[in-house]
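Working notes, beginning with the structure itself.
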There are 2 protein chains.
Amino acid sequence: MSTSGRGLHGHVLESLGPAITAGEYPPGSVLRTDELAQSFDVSRSVMREAVRVLESMHLVESRRRVGVTVRPKSEWNVYDPQVIRWRLAGADRPQQLRSLTVLRSAVEPIAAGLAAKHATAEQCAELTECALGMVANSRGHRLEGYLIHDMAFHRVILNASGNEMFARLGDVVAEVLAGRTHHEVMFEDPDPAAVTLHVQVAEAVRAGDAVRAESLTREITVGALQELDILAP
Amino acid sequence: MSTSGRGLHGHVLESLGPAITAGEYPPGSVLRTDELAQSFDVSRSVMREAVRVLESMHLVESRRRVGVTVRPKSEWNVYDPQVIRWRLAGADRPQQLRSLTVLRSAVEPIAAGLAAKHATAEQCAELTECALGMVANSRGHRLEGYLIHDMAFHRVILNASGNEMFARLGDVVAEVLAGRTHHEVMFEDPDPAAVTLHVQVAEAVRAGDAVRAESLTREITVGALQELDILAP
DNA sequence: CAGGAACAAAAAGTCAGACTTATTTGTCAC
DNA sequence: GTGACAAATAAGTCTGACTTTTTGTTCCTG
């Protein structure tokens with residue numbers, strides 16, 4: 001499930017990345033490669049590779065004679081899955097969650113509309129299967145089962161949209177949904193209205209009704225936004 | 001304007017990255033670090049750093065005893081600005097342009113609606129200034145001047161939305177707009193209707209009319225989509 | 001005192017070579 | 001065929017020496 005924990009440099013990243021995104025090193029802080037290498041007990045080569053990756057994420061900037069400078073948050077590659085994961089695990093988790101939910105509310109309705117036009121028969125079948133799975137797990141504290149089908153549902157929609165940019169948001173949406181279930185206050189059972197909406201979206205997509213699919217999905221995302229407002233007004 | 005051309009490893013990236021995104025090495029291809037280092041005439045350390053960056057973009061995967069494998073396009077980090085730039089400069093530029101325009105059509109209307117609620121007085125002023133600049137350059141082959149104000153306009157909207165994920169799409173949108181002017185067939189002068197819409201959006205944002213700002217911006221993005229359909233049906 | 005040129009120090013950048021380790025593949029016995 | 005064992009291979013790691021760029025200081029001059 002996780003990504004780059006392989007290799008020594010990956011281990012360093014998994015420690016240094018979250019520290020930076022959590023604001024442990026505020027923007028403008030200067031790190032020295034040699035000192036970092038010592039503190040992580042790795043060679044300079046390994047540390048340099050880690051710094052290069054952080055640099056490609058625009059988290060830091062490496063300059064001669066000055067060192068490795070932490071960049072302001074506004075320049076970070078906030079769409080990088082790894083950065084998203086680090087931030088979701090750290091201090092500004094709430095802000096990140098809100099940003100991502102707003103992004104969802106913009107993207108998913110359009111994606112659903114496109115899915116209604118482009119979804120294959122197989123994808124339609126998969127979609128109804130997911131919706132049924134959600135219904136089956138919507139009562140009696142079966143949150144894990146519900147979550148799995150929920151994540152799969154939205155992933156299928158995004159893939160079926162036929163847009164590669166949308167498709168790549170599947171992981172992000174899954175992360176948001178998982179976060180809601182695992183970390184935030186989750187009501188005992190999911191909102192029955194939301195479950196119904198998912199079933200209806202599956203129907204609309206199968207029927208090729210783009211307008212209806214878009215509008216129903218918008219209702220789902222509006223619900224997700226309201227849920228956030230309740231938790232953090 | 002460009003990013004990582006600094007250092008030897010950056011130079012290697014600017015050559016190897018576009019080659020991969022252009023499909024010069026099809027998915028599944030296996031590269032060897034040592035051979036690459038030789039062919040680029042750099043040391044292995046430098047080549048390893050370059051490979052690490054490509055790996056963090058999910059363009060390749062490095063495994064022991066097998067080499068550096070090119071990953072399928074569906075796994076690439078297509079939101080990475082560098083990857084976007086490489087793809088826009090290469091073979092699948094049309095597909096990339098279409099994906100990004102669809103993304104715009106999803107994001108920008110919502111962003112405009114949020115901007116109407118959150119924009120500061122300064123941002124409102126900037127916005128009308130941009131719109132006026134577009135009007136002033138809308139006739140008489142002043143495409144460059146028009147483009148500059150167009151890019152600035154959309155960047156202000158995205159920033160004023162108050163959502164960091166939206167804000168980071170400013171560069172992407174700018175790239176799309178610039179591409180349309182520089183590479184695609186651009187009509188002599190911009191569509192007068194589009195110019196008017198921008199002015200009206202600026203007004204709506206200043207007035208705090210979120211619904212109107214969203215709907216007007218949707219008209220703009222619909223126009224952009226239609227423009228694409230005309231060019232590549 | 002201002003301004004600039006020369007110089008010194010600091011940190012990243014680069015290279016080369018030796019060594020380690022994981023993974024695959026092939027082989028041989030059972 | 002299957003299982004274990006051995007060899008080959010390419011990435012991974014470490015170290016030390018060297019280069020290059022940038023910054024800050026010093027000192028000289030107008």
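Below, chain A is the first sequence line, B the second, and so on; all start at residue 1.
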Most 5' of R48(A) and S45(A) on DNA chain C, judged by nearest nucleotide: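 The residue closer to the strand's 5' end, by nearest nucleotide, is R48(A).
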Let me confirm one number: the CZ-CG distance from R98(A) to L100(A), rounded to the nearest 0.5 Å.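 Answer for the CZ-CG pair, R98(A) versus L100(A), is 12.0 Å.
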Donor-acceptor pair under 3.5 Å: do we get one between R65(A)'s side chain and the base of dT23(D)?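 Pair found.
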What I want to check is whether an N or O donor and acceptor connect the side chain of R44(A) with the base of dG16(D) at under 3.5 Å.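 It does, because a donor-acceptor pair links the side chain of R44(A) to the base of dG16(D) below 3.5 Å.
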Among dC14(D), dA11(D), dC15(C), the nucleotide that comes nearest once only the side chain of V46(B) is considered: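 Nearest to the side chain of V46(B) among the choices is dC15(C).
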Of all the nucleotides listed (dA11(D), dT25(C), dT15(D)), which has the minimum atom distance to the side chain of S43(A)?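 Out of dA11(D), dT25(C), dT15(D), the nucleotide with an atom closest to S43(A)'s side chain is dT15(D).
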Write down the distance between [atom1] ([X]) and [atom2] ([N]), rounded to a whole number of angstrom.
{"X": "E55(B)", "N": "dA11(D)", "atom1": "CD", "atom2": "C1'", "result": "11 Å"}
{"X": "D34(A)", "N": "dG13(C)", "atom1": "CG", "atom2": "C1'", "result": "11 Å"}
{"X": "L8(A)", "N": "dC19(C)", "atom1": "CG", "atom2": "C1'", "result": "15 Å"}
{"X": "L31(A)", "N": "dA11(C)", "atom1": "CG", "atom2": "P", "result": "13 Å"}
{"X": "E49(B)", "N": "dC14(D)", "atom1": "CD", "atom2": "C1'", "result": "15 Å"}
{"X": "E61(B)", "N": "dA10(D)", "atom1": "CD", "atom2": "C1'", "result": "15 Å"}
{"X": "L36(B)", "N": "dA10(D)", "atom1": "CG", "atom2": "P", "result": "13 Å"}
{"X": "R6(B)", "N": "dT14(C)", "atom1": "CZ", "atom2": "C1'", "result": "17 Å"}

Need to verify one output field. Residue with the more 5' nearest nucleotide on DNA chain D, G7(A) or R63(A)?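 The residue whose closest nucleotide sits nearer the 5' end is G7(A).
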Upstream residue (5' side of DNA chain D) when V68(B) and R64(A) are each assigned their closest nucleotide: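 Whichever sits nearer the 5' end wins; that is V68(B).
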Looking just at side-chain N and O atoms, do H9(A) and E55(B) make a donor-acceptor pair shorter than 3.5 Å?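 There is no such pair (donor and acceptor under 3.5 Å, judged by atom type) between the side chains of H9(A) and E55(B).
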Indicate yes or no: at least one non-hydrogen side-chain atom of I220(B) is less than 4.5 angstrom from one of H198(B).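 Yes, at least one pair of side-chain atoms sits under 4.5 Å.
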Side-chain N or O of T33(B) less than 4.0 angstrom from OP1 or OP2 on dA11(D)?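 Yes, such a contact exists.
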Relative to the ring of Y79(B), is the ring of Y79(A) parallel (under 30°), tilted (30 to 60°) or perpendicular (over 60°)?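 Judged by the thresholds at 30° and 60°, the geometry between Y79(A) and Y79(B) is parallel.
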Inspect the contact between D150(A) and R180(A) and indicate whether a charged nitrogen and a carboxylate oxygen are less than 4.0 angstrom apart.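 Salt bridge present between R180(A) and D150(A).
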